[in-house]
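FYI, the numbering just counts along the sequence from 1. The structure presented is a predicted model; accordingly, all values stated were derived computationally and were not measured.
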Amino acid sequence: MMKSLCIRVLGYVLFLPFLFFYSYILGPVLKLVLVPGGLALLFLVLGWRDGVKPFLHLCLKPGQKKESGSV
């Protein structure tokens with residue numbers, strides 16, 4: 001009985017810091033690295049004409065919202 005309780009408490013003591021570290025520290029750092037890296041790889045694969053140019057064209061259009069025409 002006591003051994004089971006000690007193992008359970010030890011499990012929580014080891015698990016919770018790693019959960020906190022991943023959720024609040026490693027998660028945002030990975031997003032900062034992986035999202036721009038994924039976009040860069042996508043632009044590398046698509047090229048200038050099919051990838052970068054349409055992306056810049058959509059991002060740099062001032063005051064225009066993209067609206068869906070289909071319902």
Problem - Min side-chain heavy-atom separation Trp48-Leu56 under 4.5 Å - result: yes
Shared ILVMFWY cluster between [X] and [Y], side chains joined below 4.5 angstrom?
X	Y	value
Leu39	Leu46	no
Met2	Val13	yes
Phe15	Val9	no
Ile25	Leu30	yes

Practice task
Could you check Tyr22, Tyr24, Phe18 and say which one makes a side-chain contact (heavy atoms from CB on, under 4.5 Å) with Phe20?
Solution key: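 Result for side-chain contact (heavy atoms from CB on, under 4.5 Å) with Phe20: Tyr24.
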Handout entry: Closest contact, heavy atoms only, Arg49 versus Lys53
Key =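 Looking at all heavy atoms of both residues, the shortest contact is O-CB, 4.0 Å.
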Practice task
State, to 0.1 Å, how close Pro28 and Ser23 come at their nearest heavy-atom pair, and which atoms those are.
Solution key: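 Closest approach of Pro28 to Ser23: CD-O, 3.7 Å.
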Handout entry: CZ-CG distance between Phe43 and Leu41, expressed to the nearest 0.5 angstrom
Key =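 The distance works out to 11.0 Å.
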